Amino acid sequence: MTSTPTRPAEHRPVTDPDAPAVYTAGTPVALGRRAAAALSFRNIGAVYVWLLIVVIFSVWAPETFPTATTVKQVLNGNAVAGLVALSVVAPLAARVFDLSVAFTMSLTSVLTAHFLVNAGLGSGTAITLAMTAALLVGVINGIVVVVLRVDSFIATLATGALIQSLITMVTNDSSITGLQLLAKPFASIAQLDAGGITLPVLYLLLAATAIWFLLEHTATGRRLYATGFNENAARLQGVRTGRLRFMTLVTSALLSGFAGVVFASSVGSGSPTAGTPYLLSAYAAAFVGATQLRAGRFNAWGTVIAVLLLGTGITGLGLATSAPWATSLFTGSVLIVALVLTGGRIALPAVLRRRKPSPAEPVASPDKKV
Amino acid sequence: MTSTPTRPAEHRPVTDPDAPAVYTAGTPVALGRRAAAALSFRNIGAVYVWLLIVVIFSVWAPETFPTATTVKQVLNGNAVAGLVALSVVAPLAARVFDLSVAFTMSLTSVLTAHFLVNAGLGSGTAITLAMTAALLVGVINGIVVVVLRVDSFIATLATGALIQSLITMVTNDSSITGLQLLAKPFASIAQLDAGGITLPVLYLLLAATAIWFLLEHTATGRRLYATGFNENAARLQGVRTGRLRFMTLVTSALLSGFAGVVFASSVGSGSPTAGTPYLLSAYAAAFVGATQLRAGRFNAWGTVIAVLLLGTGITGLGLATSAPWATSLFTGSVLIVALVLTGGRIALPAVLRRRKPSPAEPVASPDKKV
Amino acid sequence: GGGATPAAESKPEAASDSPGLAAASKAMEQYTQRPAKIPVTEPVGKKIPKGKKIDFILCGVQSCKDLADYFTAGAKELGWEVKQIPTQGTPESVQAAYEQAVRDKPDAVVASGFPRAVYAKQLAKLKKAGIPVIQSNADEVVGDGISLLKNGPADVDVQGTMIASWVVSNSGAKADTVYFDLPAYTILKPVRDGFETKYREWCEGCGLDTVDVPITAIGKDMPDRVVSYLRSHPKVTHVVFSLGLLNVGVPAALKTAGINGKRIIVNVGDAQSYQYIEGGLTDAAMALNTYETAWIQVDALARHFTGQPMDADQKAELPNMLITKENLPSADGDFPLVEDYQKQFKALWGLS
Amino acid sequence: MHADTSAQTSHGRHAGTAEADRPVLRVEGLSKRFGGTQALKDVDLEIAHGEIHALIGPNGSGKSTLIKILAGYHHAEPGAVAELDGEPFDLGHVTGSRHDRLRFVHQELGLVEELSATDNLALSRGFARTAFGNIRWPEMERRTTALVERFGLGIDVRRPLATATPVQRAVVAIAAALQGWEGRRGVLVLDEPTAVLPPGEVARLFQIVREIRDAGAGVLYVSHRMDEIFALADRVTVIRGGRRIATRLVSELTPRSLAELMAGQEAETAHRPQPPSGAVGRVGETGEAALEVRDLWVGPLRGVGFDLARGERLGITGLVGSGHEAVPYAVCGAWTGPVRGRVRIPERSPRWVDARDAGGLGIPLVPADRATEGVVGDFSVAENMTLPLLDRLRARLGRLHRGREGALVEEWIRRVEVRTAGRGAPITTLSGGNQQKVVMARCLAQQPPVLVLCEPTAGVDVATRQQLYELIERQAGDGMGVIVSSSDTEDLLTLCTRVLVVRDGRIVREISGRDITEPALVHAMEGTE
Ligand SMILES: Nc1ncnc2c1ncn2[C@@H]1O[C@H](COP(=O)(O)OP(=O)(O)OP(=O)(O)O)[C@@H](O)[C@H]1O
Ligand SMILES: Nc1ncnc2c1ncn2[C@@H]1O[C@H](COP(=O)(O)OP(=O)(O)OP(=O)(O)O)[C@@H](O)[C@H]1O
Ligand SMILES: [Mg+2]
Ligand SMILES: [Mg+2]
């Protein structure tokens, strides 16, 4: 880990101001430059890798791959994975690892099923209760990490084990199934679709938009990043870092808990291991995402792109071959290629960088000022 | 991970300066103080938690628990887990995450079995070939992380996926079994015992001793820690940080690969998922270990203590109760208790904390934190 | 080898124009009958001792857990105490569970799902200690420490035959089938072989493709894999899953992908499979005789504890049943094949 | 502990007004102990309205600790009294009113360098938002630009501060401290703000500080640069060993008397106002080359080359952005960007080495940024000191020889007078100046043929500065060549035998011996000769 993926300062040529699209426009020239920067390989390299993958599979499986169905399949098939990946973005921005998300997801999946099937409650009540449990998980994580000051990596591993034991108590380690899970009100949560796009895709977009807004456009987001980059400096400037880190843990628990509910609805059962397969891939997506768009910052759309990039490839592979080893081979190589090519590299020491004076720098070039 | 402003430096009163046994002895008073510091709750809190666990289970299961058999069972049953946990210590000391260890372990386990059973090679050849594969994995990890500069967390996730696909190719995802694995030369590797203590326990002790010696007593160890704590500063003092990080990745691959061979010998089969269950527990042990003995530094014996602490509890639970949820409940709570009580506030992943600002200046931990 | 199964023996003659189809239909008709009798008939005959302690080693999958629960219920009838030892299904956790069983010194050990290679050392110790070990659903053979094996490789190939009979007759011998297999579970291999043999025999022109699935796909991208496969192989009409688990989430994924009209059958049906059948999301399932297996193991131990051999139980042919929406006994969970199996077993044990 | 109260009642500029009768900040009986170290003992301090009050003292005397207590980062021991404008405040709690009236520019600035100036300023004072809660970036940027421009410094307020120069960062930190402080009621606290600022920027900072003072606020100013005290401060408080030694009007002091106050009875030996003698000739005249550099292209540098003679102390300087900062890093192979050029140490080998591989020459470097490049915060004093010396401490089996390590460390702790609780103490418990001494010591201990120093005396007190100068001179006398890159002109004037001035990526001027004067340097840097 050595160091965070990358910081913006370091990879972009100094001449194009790191300018998120947020900042006001300017002259046409500036606009053009901004657009070029936004479309640069550095900035959205994963998108180019993605395009390459699309081209490859379109050639490889020309009848089935380049179709609208594939688009829908990729979106529908990766919505839950995307939600889980998004759930770790805000914590990571504040440099908090939440490894319990997988367990929280399993927990809400089995609790929802339990309340619906075994306790015979209605969908609304069942989901509310399950989400309350997720909230509780978030609060407990927050207490252990922020109040008791245990390192988040190990603390959330520990709370993950606690959640696991709760899951085992509820389910006796077997899936909870029942017709209620397959029937209308509940099944619709994940299965209702419009033109072949299911609701979870909408949730994914909403969650990504919300996180993007939070991180990019609000004071809280800026403070979150500040907390993550340099907690001491942030605290020195009056940022309530502890409170923010607490908040991210609650957010991740709620979001991954919601992913568990959606998962239960989509497969029609509450599985005690629902979340497990999503953990590492969620982190992979968040880390790849951090090299995109806002290089060096964990961000929502970068993460979504990473999820879809991998999802597209796996779907394409499924259409083109059925070798059981193809998926992992593909995932591994694409991750490496995407990271190497797009500069998903380790931050070079900030200080040395900083000593590299930029040509444009000498202090007061007036046109730089807004 | 977060940047809990809780570096060890800041917890210790200046009077007993962190006092690794390193600094020369001295007066009897100093010796006494040193001993007190060494036995303090802060320093070896996990050992006290361990003792507590032993007492609890001795009362709970008085006939079966406090016996020599239990000791042997704990040692024999956790030797492989200990080896895997040790394999991540050196990388973590240099702030490198090697998440591929689990896959490397699976790989050597199935490769050894494959060469022995399917290819009919001798034990020596089979093991050599499997370990060569592990070496190769280490080198590839090193290239991706050090040469191509991909963040280790994500890079080793990616290489892990590649290894997984190799495993699937070799095994088609089913365990490789065969009489050769159960027969003498090979079976002895893990099953030979002296007085009920099997060979893997010896390997564990040897590995721990080697890593302890490396980290505590050699220049390389010092440089590894320097690399982990402040890569910039280390590099500017002539430490070849890249080379060291490369080396740790090779070490972890070799050690986890060896764990895979031992595992194959001990269970008599090559399992394509041999390593998976060990990954998170290895990191848990290493992180808990980092709060022990050399607080704030990943270290060998602390890790071994953590493995045995958890192993003792789980064995005790197995003797005392058969509630299926007991194990995770126990693991989770013991982790939290041990970390909270022993000030398990690790200085972690600088990844994530790299820019901890100024050592001495405003940042030094505020009083209110201590 | 499926030659010895009653299914194969019972229909030697072939039908007229498509002899395979006729044979398959006939076989299917037989398999869809709900069996009425448990396969053991000989009463235990002696007073069965109470208070026996039995360790049940789980395999980490749902079906083993079910088996353990039903076994526990049966053992309770006889006043025995069962300790379930959980495992994660990994070889070394299974080994550790056996290690614990060795230390527990129970009166018997029951286990499921793993071949002896995994626990050979402990098995030898148990044998030496005179503790019987009873296995089921494992790629294994009886003897040398294993006193009883139900649903071993020789027993399960009939499941393949049953599935084949349904596929062939359901398609009118015009199937194009994809068989999703989980090689991680070696006991499923004979099922697949049985299926292939009979499928080819009954349906010469039918297409068959087998897709191996890594265990990591379960609960994650399995639905996506199936959708992708079916999209790239649009001619496929029938989908077989070698384990009910593989089908989880697939029907919904097919629906949203707009793939309709595929026929799905699963091996080793579980509660969810039956709910899918009830809801019309899946067409058929091979119902595993879990209740009967569990109780026949109890029966075998009852004989063992009364000084008798377990031969009667080893020889007994456990029933199997092909479930479709028409003959689905109950949708809200698992169900025994022999409706009053408890009564019948208790009669053997002199409890009724 | 009122060692000297002669200036205790003097007033600042606003003397005579009613307001000024009450000091803006008064603390009394401040004590602080860290384990065995008494960092502060019974310190009193009074700052009047409209006064610039300097705080001066040797390294580790407790200046930063005092500031951290004011900031609420450390708790003072019970018994201390603190008043702001006559209102007592609790030193144990950071209350809103204290935050409003005490403003800090900490030595390490406390900025999040990954974020832009706009973000950093907004972190502490809040963001302009719309009804939806989203930030109005244009307005934020306008505000920030306006604030920063008051300091006469253009800066791209959107770019991460990591790309800004030290000066720009210092300005942002000061702007952050001053924003929303319109009434200017209270005290601005500056902890060694000029440690790495070049002379021109120092002047600009002074102007700002004077403006603040003239607006009626108090300023507490910590610095080791004597000339600054005389140029800026109205009064000065000297602390030593955690005790207040004296508070005096600056106008009543001479540099010599101030130095005596600081150093106590050791004044005679410690203070050495004369610049070191011993002019060393250039290569080709008297000396032979210790290091030769040719055709260096690094960052903005365009083909820089020079020879460094044995025993020579060569300064390299230039304006911010001229590229001179790259030279020392490139020579040591520590530059992380693309590098072109050749270097060689003729004494070792006649072969030229590609500048990319210059790291292989093993030239020790004292980096410019102590916190991020110099010390390993989680290491002890000993571990930090021996980091580049480990190869020498090898015993059998590659074991580290602890005994030799201990002896070596103790020797250097003595030689550079590091004030520490022990060699096993974490380096972060040392004061800034003492950390710098450790960093210097480990380079000198290598006794290298060539040594490269960036900001060698940053944060080091006057007496130690002289010691370090002497040590460097002595080693240079034994044949070591030294490259000095420093924003502190005193380093160049006192230590260097020759100075190369870089402008626009090229060496434009070479000044040696007696010609090295401040005006000469400034003219050369600015190209106004
Ligand atoms: N050095 C300082 N100078 C001025 N005010 C400060 C300083 N440090 C902290 N504060 C103020 O004191 C308040 C409390 O600070 P603190 O560090 O306890 O943050 P917090 O929000 O309580 O975070 P946590 O949840 O970690 O306790 C903050 O609102 C901050 O404005
Ligand atoms: N967190 C800490 N733990 C232990 N000792 C400390 C700590 N902080 C400071 N000290 C000790 O307190 C004393 C005063 O340190 P301080 O940083 O206040 O000195 P200073 O006057 O600012 O020195 P400098 O001029 O070098 O910056 C030093 O001896 C230092 O070692
Ligand atoms: Mg706080
Ligand atoms: Mg200081």
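Predicted, not measured: the structure shown is a model, and the values here were computed from it. Every chain is numbered from 1 and lettered A, B, ... according to where its sequence line falls, protein lines coming before strand lines.
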(message) Checking A/Thr159 now: which residues fulfil side-chain hydrogen bond (donor to acceptor under 3.5 Å, both in side chains) with it, not counting sequence neighbours?
(response)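 side-chain hydrogen bond (donor to acceptor under 3.5 Å, both in side chains) check on A/Thr159 returns A/Asn141.
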
(request) For B/Leu309, check side chain to side chain contact (heavy atoms under 4.5 Å, CB included) against everything at least two apart and list the hits. (result)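 Counting only residues at least two positions away or on another chain, B/Leu309 forms a side chain to side chain contact (heavy atoms under 4.5 Å, CB included) with B/Ala46, B/Val49, B/Trp50, B/Ile53, B/Val334.
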
(request) Let me know if B/Asn172 has heavy atoms under 4.5 Å from chain A in its side chain, its backbone, both or neither. (result)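 Looking at B/Asn172, just its side chain touches chain A.
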
(message) For the interface with chain A, which of B/Thr241, B/Leu99, B/Leu166, B/Ile336 has the highest count of heavy-atom pairs at distances below 4.5 Å?
(response)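 Heavy-atom pairs under 4.5 Å are most numerous for B/Ile336.
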
(message) Between B/Ala286, B/Ser328, B/Pro91, who has the most heavy-atom pairs with chain A when the cutoff is under 4.5 Å?
(response)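 Result: the option with the highest number of such pairs is B/Ser328.
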
(message) Counting the benzene-type ring for Trp, do A/Tyr283 and B/Phe97 have ring centres under 6.0 Å apart?
(response)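 No, the ring centres sit 6.0 Å or more apart.
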
(request) Over all heavy atoms of both residues, which pair between A/Ala326 and A/Leu317 is shortest? Give the atoms and the distance, please. (result)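 Looking at all heavy atoms of both residues, the shortest contact is O-CD1, 3.4 Å.
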
